[in-house]
Amino acid sequence: PTLAVSALTIVLALAIAAPAEAVPQTWSTPVDVSAVNDAEAPRVAVAPDGSLTAAWVEVAGGASTIVVSKSTDDGATWTPSLAISASNLNVRMPELAIDSAGVRTVVWAGENGGSTVIESASSTDGLSWSAPAILSGPDATAPQISIGPSNERYVVWQAVPGVYHEVQGSSSTDGLAWSAPIRISDPLTESTAPQVAIRPNGDIVVVWSGDTVVQSALSSDLGASWGAITDLTAVGPSVGQPRIAVSAAGYVAAIWYSIDPGGDQIAQTSSSPDGLTWSGALDISAVGGSAELFDIAFAPDGTIHAIWDRYDLGGNSIVQAAHSNDDGATWSAPLDLSAAGENGNDARLVVDSASGVTAAWAQDDLVTFPVIQYATSIDGGVTFALASALSVGGQGAASPWLAVSATDVITAVWTMSDGVNALLQSARSAATAGAPGGPAPVLANTGVPRYATELTVLGSALIGAGGIAVALQPRRRGAHRA
């Protein structure tokens, strides 16, 4: 009995010392979505019926086309790619959104009459698509799209109608007919990199990079008119790359980089309960190095999750994550998700219905070909499982994108070079570990060395008249990266 109690004490101490964390998810073997030519800038989204639509740029013979594909079996198989943009024209920057009725809308920047315009196409089933519609005037690029509670769509982009870049937008109720473009930003200042989100009440919130500040504006009438422009930051030397997210309760959060007085590129955030009144800008990355390429999302419980690439003083990039449990008033210290001394970049994240977080990024160990890695968290971003490889083989993976279904199946797409072309690939996961139906959790990564010995519980504790029996076995961590 003494030995049994001591063993149980060890188990309890381990459980208290380290919170449970997601183990590497079970992912399907990657499949090729595209068959020929180079794929760039992939996007993927899930329809209400669970079907998937992927959109990307296909490059062949010096020209580029927006192509799409559909899957009805969680990404196990995909339809042959279908071009939805005009042929023999250069296109870029596709963005994809699906409304609650299953209508897919893709927007992109494409050449038209010697200039670049914003175009779109829509589909009710992901198989038959409308002819491209032109949303903007000339010299427009960088479109972003958001879907509202009544399936209204709003698209923003940057254009150069005169001396300065300005932020413009257009709305549609069906993805076919679009309103005339309207200017949102100040015409007398440089305004670029717009992002858009629609609150549950239909308010449209747009953020963008001004000359030296991040700015925002709100519309309550589907973009027909816009309120006063709000500065989210103090005037500084430089800001850029804003991203925006909205919660089910209507809270809005934004993230961007700002150059501090010491020359470091710092990740900053601000949040708003209504899209009008914003908190003061808050630094959430460490001083030293350079933070960039952000993603941000709300969990169902209201936690805000952010992820970014941070270049250290040695020139290597590390994927970092942080979270806020109080509407952005305070943030956790950044967590390193990727291995030090290598290059992790282009990080993305999604949050499932159980508030589990999955992050994915491209990882280059500077020796072999880059791969797509991922990590998961089931404790609100407090800890993440050690990074694991998602892509297999190939000669260089890049540009991951994630989508999560209503049943918490996560689909990842990325590009993978086969030595001739960069094909589009996909894989799908089960529910986040620790969530209903997911794998059992294990002890968290608490910063111990990569090959530190840990204890794994193999048996179960049986408490009853016969006493307590606990089976323990030591094991060593293998090839997972810290």
Side-chain angles (χ1 to χ4, degrees), residues 156 167 184-186 189-201 203-220 226-299 301-310 320-335 349 380-382:
V156 295
V167 175
I184 302 171
S185 61
D186 186 340
T189 61
E190 189 75 5
S191 302
T192 60
Q195 297 283 309
V196 60
I198 302 181
R199 301 179 66 235
N201 68 352
D203 287 348
I204 304 170
V205 183
V206 178
V207 298
W208 64 89
S209 298
D211 273 334
T212 56
V213 295
V214 174
Q215 296 183 311
S216 174
L218 180 142
S219 172
S220 297
W226 290 84
I229 295 172
T230 301
D231 291 347
L232 274 59
T233 61
V235 175
S238 180
V239 294
Q241 299 179 355
R243 300 281 293 180
I244 189 172
V246 64
S247 75
Y251 261 81
V252 185
I255 187 170
W256 61 88
Y257 76 72
S258 178
I259 305 297
D260 70 9
D264 295 320
Q265 195 164 286
I266 302 297
Q268 288 189 329
T269 65
S270 181
S271 58
S272 171
D274 54 12
L276 291 171
T277 305
W278 291 81
S279 63
L282 187 67
D283 294 350
I284 65 170
S285 67
V287 174
S290 176
E292 62 182 29
L293 299 177
F294 308 100
D295 204 4
I296 189 169
F298 278 91
D301 63 8
T303 301
I304 311 172
H305 296 276
I307 194 169
W308 61 89
D309 309 343
R310 180 175 178 270
Q320 294 188 318
H323 66 279
S324 172
N325 295 321
D326 53 12
D327 300 322
T330 60
W331 285 77
S332 67
L335 273 178
L349 66 83
V382 176

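Checked against side-chain hydrogen bond (donor to acceptor under 3.5 Å, both in side chains), S272 has the following partners two or more places apart in sequence or in another chain: D274. D203 is linked by a side-chain hydrogen bond (donor to acceptor under 3.5 Å, both in side chains) to R199, N201, S220, counting only residues two or more places apart in sequence or in another chain.
For the pair D211 (side chain) and E190 (backbone), a donor-acceptor distance under 3.5 Å is present. No donor-acceptor pair closer than 3.5 Å links the side chain of S258 to the backbone N or O of I266. A donor-acceptor contact shorter than 3.5 Å is absent between the side chain of S271 and the backbone of V252. Side chain of Q241 to main chain of L293: a donor-acceptor pair is present (N/O by atom type, distance under 3.5 Å, no hydrogens or angles).
Here the options are E292, Q265, Q320, the test is side-chain contact (heavy atoms from CB on, under 4.5 Å), and the partner is W308; only Q320 passes.
Smallest separation of non-hydrogen atoms from P200 and G250: CD-CA, 3.5 Å. The shortest non-hydrogen separation linking G381 to H323 is O-ND1, 3.5 Å. Across all their heavy atoms, A291 and S285 have their closest contact at CB-OG, 3.9 Å.
The shortest distance between side-chain heavy atoms of I204 and V196 falls below 4.5 Å.
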Go through the steps for I184 and W208 under the test side chain to side chain contact (heavy atoms under 4.5 Å, CB included), then give the verdict.
CA-CA 10 Å; I184 302 171; W208 64 89; 3.9 Å; yes
Give the table of side-chain donor-acceptor pairs shorter than 3.5 Å for residues 226-240, with sequence neighbours excluded, one pair per line with atom names and distance.
residue, atom, partner, partner atom, Å
W226, NE1, G223, O, 3.3
D231, OD1, Q215, NE2, 2.9
T233, OG1, V214, N, 3.1

